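We count residues from 1, following the sequence as given. Predicted model, so just to flag it, every value in this text is computed and none were measured.
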Amino acid sequence: FFLDVLATWPPCRLRAKGIDVIAVSEASKDEVKKMLRRFTMGRRAILIISYETFRIHEKLFKHGNECGLLICDEAHRLKNKETKTAQALNNLATRRRVLLSGTPIQVRLPPLPPRHLHHLHHHLHRLHLHLLRQNHLDEFYSMVDFCNPGLLGSEGEFNKNYARAILRGREPDASDKHRAAGDAKGKELGELCNSFILRRTNTLLSKHLPPKVVLVVCCSMSDLQLEMYRRLLASKLRVAATPALATPALTTPFPCRYRR
């Protein structure tokens, strides 16, 4: 995507500004290291690199020039701050961070369930919704804290100031007082974060994107794939003929998966 965007920029303008564009793709380990040193030791450069490659070579970015701007595409991959990729990027010294994602970055809370539920179903449903909402708030905090460190305080402070009140107000048996307090905290959190979250709907983006093209290509199986498929079918038939061996794991429609 970024290569396509850079391709629209006049090359002379990039050269005139002394900007070196470095795209790390398929290359040997030594070649990757050379490109990364070119970026960290260069005066002005744009580096395009995958999350995985950055994580592997994280230590190389600790030397040389500081990154002036970090842009993370598919930023929903950073919603879990405990992953190695998120930790590696968080350790990168940079003055500005921008997150891009096609997945909505907002406090997404599921709708309230009906008040009158069976006793057991009520508690199971309530536990599921609580965990779901807590996960959404945790992910939201992780992404906000990544691009604006300290804005929402520590994770404990965020839970104390926002999350607990919001979750309490969304419980099925929440009182009107708790609902009002939760809504107020949700609104306060939204107003704070909307100052740096820029949302673009498909209506606007569709004007700048090429039309969607769906191609259905039917491919014949190779001789090896066909032989594997036939043997798998034969093994399933033998298992089905022996009730003692028939288990849910063995009766799963594996042939369809192999064929795809």
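Ion pairing of Arg77 with Glu52 is present here, as a side-chain N (NZ or NE/NH1/NH2) and a carboxylate O approach within less than 4.0 Å. Using a 4.0 Å cut-off between a side-chain N of Lys or Arg and a carboxylate O of Asp or Glu, Lys81 and Glu155 qualify as a salt bridge.
Annotation: Phe54 is in aromatic contact with Phe61 [ring centroid separation under 6.0 Å].
By the 4.5 Å heavy-atom criterion applied to side chains, Leu152 and Glu157 are not counted as neighbours. Using a 4.5 Å heavy-atom cutoff, the side chains of Asn65 and Thr40 are not in contact. Here the side chains of Phe39 and Val24 are not in contact, with every heavy-atom distance at 4.5 Å or above. Using a 4.5 Å cut-off on side-chain heavy atoms (C-beta onward), Ile166 and Asp183 make no contact. Looking only at side-chain heavy atoms (C-beta outward), Leu60 and Lys33 come within less than 4.5 Å of each other. With contacts defined as side-chain heavy-atom distances shorter than 4.5 Å, the pair His63/Arg37 does not qualify. Contact annotation: the side chain of Phe158 approaches that of Leu189 to within less than 4.5 Å [non-hydrogen atoms, C-beta and beyond]. Leu89 is listed as a side-chain neighbour of Leu78, based on a closest heavy-atom distance under 4.5 Å.
Between Ser101 and Ala75 the shortest heavy-atom distance is CB-N, 4.0 Å. The two residues Cys67 and Thr94 have their closest heavy-atom pair at O-OG1, 2.9 Å. In this structure, Ala86 and Phe146 approach most closely via the heavy-atom pair O-CE1, 4.2 Å.
Without hydrogens or angle criteria, Lys185 side chain to Asn161 main chain gives a donor-acceptor distance under 3.5 Å. Counting only distance, with no hydrogens or angles, the side chain of Ser142 and the backbone of Asp138 share a donor-acceptor pair below 3.5 Å. Formation of a donor-acceptor pair under 3.5 Å by the Gln225 side chain with backbone atoms of Ser222 is found in this model. Side-chain N or O atoms of Glu227 include none that pairs as donor or acceptor with a backbone N or O of Leu224 at under 3.5 Å. Side-chain N or O atoms of Glu74 include none that pairs as donor or acceptor with a backbone N or O of Leu100 at under 3.5 Å. Put simply, the side chain of Asp145 gets close to the backbone of Gly150: a donor and an acceptor are under 3.5 Å apart.
For Tyr51, there are no side-chain hydrogen bond (donor to acceptor under 3.5 Å, both in side chains) partners at least two apart in sequence or on another chain. By the side-chain hydrogen bond (donor to acceptor under 3.5 Å, both in side chains) test, Ser195 is found to be paired with no residue, residues two or more places apart in sequence or in another chain being considered. Judged as a side-chain hydrogen bond (donor to acceptor under 3.5 Å, both in side chains), and not counting sequence neighbours, the contacts of Arg97 are Asn90.
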task = Please report the C-alpha distance between His57 and Val32 in whole Å, then the side-chain angles of each, then the deciding distance to 0.1 Å, and finally whether the side-chain contact (heavy atoms from CB on, under 4.5 Å) criterion is met.
result = CA-CA 9 Å; His57 300 280; Val32 170; 3.6 Å; yes

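Interatomic distance, Leu226 CG to Met228 CE, rounded to the nearest 0.5 Å: 11.0 Å. With rounding to the nearest 0.5 angstrom, the CD1 atom of Ile56 is 13.0 Å from the NZ atom of Lys59. Between Met35 atom CE and Ile22 atom CD1 the span is 8.5 Å, to the nearest 0.5 Å. Rounding to the nearest 0.5 angstrom, the gap separating the CG atom in Leu92 from the CG atom in Leu70 is 6.0 Å. Taken from SG in Cys193 to CE in Met143, the straight-line distance is 11.5 Å, to the nearest 0.5 Å. Of the inter-residue distances, the one linking His178 atom NE2 with Glu171 atom CD reads 10.5 Å to the nearest 0.5 angstrom.
Heavy-atom neighbours of Arg38 CZ from other residues, nucleotides or ligands within 6.0 Å: above the threshold of 12.
Linking ILVMFWY side-chain heavy atoms closer than 4.5 Å, directly or via other members, places Ile48 and Met41 in two distinct hydrophobic clusters.
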